[in-house]
Protein chains: 2
Amino acid sequence: MDTENRNETADDAEAGRPTLKTLAFMTGLGVTTVSRALKDAPEIGAETRRRVQLVAKQIGYRPNRAGVRLRTGKTNVISLVLDTEEQIGGFVSDMIYGISEALAATPYHLIVTPYSRNNDPLEPVRYVVETGSADGIIISRTEPDDKRVRYMTERGFPFATHGRTDMGLEHPYHDFDNHAFAAEAVRKLAALGRSRLALLAPPANLSYYHHMRNGFAEALADCGLAEVPFPAATVDHSIEQIRARTRELLRRKLRPDGIVSGAGASTFALVAGVEDEGLGIGTDLDIVSKQSSRLLHLLRPQLHVVNEDVRLAGSELARAVMGRIAGAPVASLQTLSTPTTVESYRPGIPPR
Amino acid sequence: MDTENRNETADDAEAGRPTLKTLAFMTGLGVTTVSRALKDAPEIGAETRRRVQLVAKQIGYRPNRAGVRLRTGKTNVISLVLDTEEQIGGFVSDMIYGISEALAATPYHLIVTPYSRNNDPLEPVRYVVETGSADGIIISRTEPDDKRVRYMTERGFPFATHGRTDMGLEHPYHDFDNHAFAAEAVRKLAALGRSRLALLAPPANLSYYHHMRNGFAEALADCGLAEVPFPAATVDHSIEQIRARTRELLRRKLRPDGIVSGAGASTFALVAGVEDEGLGIGTDLDIVSKQSSRLLHLLRPQLHVVNEDVRLAGSELARAVMGRIAGAPVASLQTLSTPTTVESYRPGIPPR
DNA sequence: CTATCAATCTGTAACGTTTCAGATTATTGT
DNA sequence: ACAATAATCTGAAACGTTACAGATTGATAG
């Protein structure tokens with residue numbers, strides 16, 4: 001037998017990164033056999049399998065991603081589609097860390113696909129799907145009737161959304177229970193004896209606007225409290241805008257004595273506006289705010305906060321897309337994160 | 001001539017995403033010609049070139065990345081190597097936005113390669129280099145004598161660092177001038193009549209620790225001021241730790257009347273510590289802090305701040321790696337960002 | 001009129017992987 | 001002893017791209 005010339009000469013396997021051919025040469029097997037042995041295919045002898053895998057481990061074989069991708073179409077990439085107009089707040093870092101965490105023990109890589117809020121949000125999604133540059137997509141800023149969700153669903157492209165939709169389509173998602181958050185917040189303010197509440201809400205096109213608004217409205221009704229409308233500002237506005245609008249809000253004849261804020265960074269502006277008007281947090285009015293980074297109690301200890309774990313959201317979303325790719329039932333890929341109870345610190349007493 | 005059967009039949013070019021073969025079929029040319037026409041190779045007729053490019057644009061041809069990558073080894077990917085233990089502060093978001101901005105008009109994609117600070121920082125770099133999963137790398141948390149820099153330099157692998165090194169190796173970098181920042185900060189405090197200054201510095205292993213420290217020390221000497229040592233805390237410590245250490249610092253017999261803080265998030269903790277001790281910012285002592293998000297003047301208007309544009313850093317770094325990949329001279333890929341002058345707001349007066 | 005040359009174009013092979021359709025054994029039943 | 005079968009293994013082809021080494025044409029020079 002001409003072992004000498006079975007799979008090219010030894011030279012081929014010499015330099016550079018080991019490939020299947022290298023393994024084939026070293027084991028004396030065919031490249032096909034090696035390929036199958038590595039993925040535990042059934043028709044490979046137990047000993048051969050072990051032998052191949054041993055050698056592969058020894059020489060540190062890593063499948064060439066381009067080869068796999070070209071042949072199979074599988075990219076082993078998850079794309080995080082990001083709005084780069086995102087306001088201050090660092091929300092995104094945690095999300096990325098969370099995703100990375102979930103991807104760490106898998107062959108998946110994370111690729112960031114940016115878009116500007118001013119452009120069509122469908123554009124980056126279409127790009128990824130059309131060019132097949134990822135196996136799955138994670139999107140945020142989800143809308144009740146979301147073009148992107150429809151697009152990907154129609155094409156059977158795996159994805160998970162940060163936030164739910166409301167269009168009769170089942171798909172993987174992770175969401176923070178903003179309904180519960182707002183309701184909790186209102187009840188807290190009620191317990192504090194506040195009665196005229198305002199809500200600094202998300203922009204009205206996003207899904208969680210409705211959740212938060214409904215939770216707010218329901219709890220308001222439950223507790224018999226009144227709303228002071230505050231439609232002029234959303235958590236998407238700039239710090240300066242929110243600050244200015246807050247001042248206007250507080251100059252009304254019937255100003256609120258309690259505010260629920262949907263985002264940590266916005267609360268910075270809110271507080272500034274309140275104090276610009278010579279009012280005191282915890283005295284003239286109370287604020288309950290959601291936050292993702294734990295800075296608010298350092299801003300003003302009198303603030304009441306509810307923590308949103310965005311890192312967790314990232315992990316969950318990554319798990320969800322991977323689940324979808326692997327064909328898991330969608331129902332098992334939908335998670336809702338329940339807000340913690342409202343945390344309050346007594347002024348002057350540092351938290352544990 | 002058997003045009004009928006030149007490059008397979010029409011069927012091949014029918015379904016799915018267009019490839020070079022599709023274009024070859026449509027134009028009646030060979031696949032090689034099409035490939036060259038698209039990249040403006042010299043030996044292609046002017047008309048042919050135009051014709052091919054027109055058709056390509058019309059049908060929305062996009063080169064298959066896996067094909068290119070397999071054939072040429074070029075990935076068209078930049079890897080951002082990230083420490084996922086990063087403290088609060090959202091620093092990373094801006095960096096990513098900046099990089100995305102610079103990559104937007106290029107064929108490059110951004111991939112995030114995470115690592116835990118507890119593990120070997122060389123590990124993710126080695127992974128990328130060994131598997132060839134990117135054409136270039138961006139790293140941060142640069143050290144004066146940086147293993148990663150040495151590793152990549154030895155292998156001729158393109159990279160850019162956020163922060164400079166000091167090991168006699170030329171390489172692309174972007175850095176914020178922390179020396180100038182610290183010096184500016186000290187001068188500001190001197191001008192405010194402060195005389196005993198402390199520095200909340202970065203961890204001592206990082207390059208910019210030395211820059212900041214030296215700037216601090218030099219300006220201190222220039223102004224004839226004294227230092228109150230504060231080695232117990234760094235900007236990498238947790239909020240709680242910094243807060244506690246700050247309290248200890250302020251309980252010393254000779255406490256500082258001015259503090260320079262190297263990071264925005266740390267300043268939150270610093271302020272809390274100061275106020276825990278019953279001292280007032282702007283009265284008992286002044287603080288000059290660096291910040292990347294513009295929240296500090298909302299925390300306490302009395303704070304003096306210098307802004308670091310991390311988004312810009314991201315763009316510059318991306319440009320630098322791409323330059324390196326394209327073979328630009330290293331000297332042209334080293335940028336230093338000069339700090340703005342110290343911004344101060346008078347209490348109660350909202351900033352423009 | 002032929003040889004040379006430049007200008008265009010072309011097919012083949014290769015990158016590393018997986019799938020397909022066998023080929024080679026060894027094992028079994030009769 | 002022989003065919004049938006199961007258990008292993010195998011080469012060739014293909015994914016889409018680019019580099020290499022020509023082929024074809026028309027024009028130019030001798």
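In the text below, chain A, chain B and the rest are named by the order of the sequence lines, each starting its count at 1. The analysis underlying the following values was restricted to heavy atoms, covering all of them including side chains, and did not include hydrogens, waters or symmetry mates.
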Q | side-chain contact (heavy atoms from CB on, under 4.5 Å) partners for Arg49(B), two or more places apart | A | Asp40(B), Ile44(B), Gln53(B)
Pull out every protein N or O sitting under 3.5 Å from an N or O of nucleotides 17-20 of chain C, one pair per line with the distance.
{"residue": "dT17(C)", "atom": "OP1", "partner": "Tyr61(A)", "partner atom": "OH", "Å": "2.4"}
{"residue": "dT17(C)", "atom": "OP1", "partner": "Asn64(A)", "partner atom": "N", "Å": "2.9"}
{"residue": "dT17(C)", "atom": "OP2", "partner": "Leu20(A)", "partner atom": "N", "Å": "2.7"}
{"residue": "dT18(C)", "atom": "OP1", "partner": "Lys39(A)", "partner atom": "NZ", "Å": "2.8"}
{"residue": "dT18(C)", "atom": "OP2", "partner": "Ser35(A)", "partner atom": "OG", "Å": "2.8"}
{"residue": "dT18(C)", "atom": "OP2", "partner": "Lys39(A)", "partner atom": "NZ", "Å": "3.2"}
{"residue": "dT18(C)", "atom": "O2", "partner": "Arg71(A)", "partner atom": "NH1", "Å": "2.1"}
{"residue": "dT19(C)", "atom": "O4'", "partner": "Arg71(A)", "partner atom": "NH2", "Å": "3.3"}
{"residue": "dT19(C)", "atom": "O4", "partner": "Thr32(A)", "partner atom": "OG1", "Å": "3.4"}

**Q.** Over all atoms of both residues, closest heavy-atom pair of Ala24(B) and Gly30(B)
**A.** CB-C, 4.0 Å
Q: Measure the angle between the two terminal helix axes of the helix from dC1(C)-dG30(D) to dT30(C)-dA1(D), five base pairs each, and quote it to 10°.
A: 60°
Q | Derivation and outcome, side-chain contact (heavy atoms from CB on, under 4.5 Å), residues Ser133(A) and Arg69(A) | A | CA-CA 10 Å; Ser133(A) 52; Arg69(A) 181 165 167 178; 4.0 Å; yes
Q: In whole angstrom, give the distance that lies between atom CZ of Arg69(B) and atom P of dC15(C).
A: 17 Å
Q. Should the heavy atoms of other residues, nucleotides or ligands under 6.0 Å from CD of Glu47(A) be counted, would the total exceed 12?
A. no
Q: Please name the residue in the list Leu110(A), Ile111(A), Ile139(A) that meets the side-chain contact (heavy atoms from CB on, under 4.5 Å) test with Ser79(A).
A: Ile111(A)
Q) Does a salt bridge link Asp309(B) with Arg311(B), judged by any charged N lying under 4.0 Å from a carboxylate O? A) no
Q. In whole angstrom, what separates Lys74(B)'s NZ from dG16(D)'s C1'?
A. 17 Å
Q | Atom-to-atom span, CZ of Phe25(A) to P of dT10(D) - whole angstrom | A | 14 Å
Q: Considering only NZ, NE, NH1 and NH2 on the basic side and carboxylate oxygens on the acidic side, decide whether Arg141(B) and Asp146(B) come within less than 4.0 Å.
A: no
Q) So does Arg62(B) have more than 12 non-hydrogen atoms from other groups sitting under 6.0 Å from CZ? A) no
Q | Separation of dT10(D) P from Ile44(A) CD1 (nearest whole Å) | A | 8 Å
Q. How do Leu70(B) and Arg49(B) order along DNA chain C: which one's closest nucleotide is nearer the 5' end?
A. Arg49(B)
Q. For Glu43(A) and dA21(C), what is the distance between atoms CD and P respectively, to the nearest whole Å?
A. 14 Å
Q) To the nearest angstrom, how far is Leu23(B) atom CG from dT18(D) atom C1'? A) 15 Å
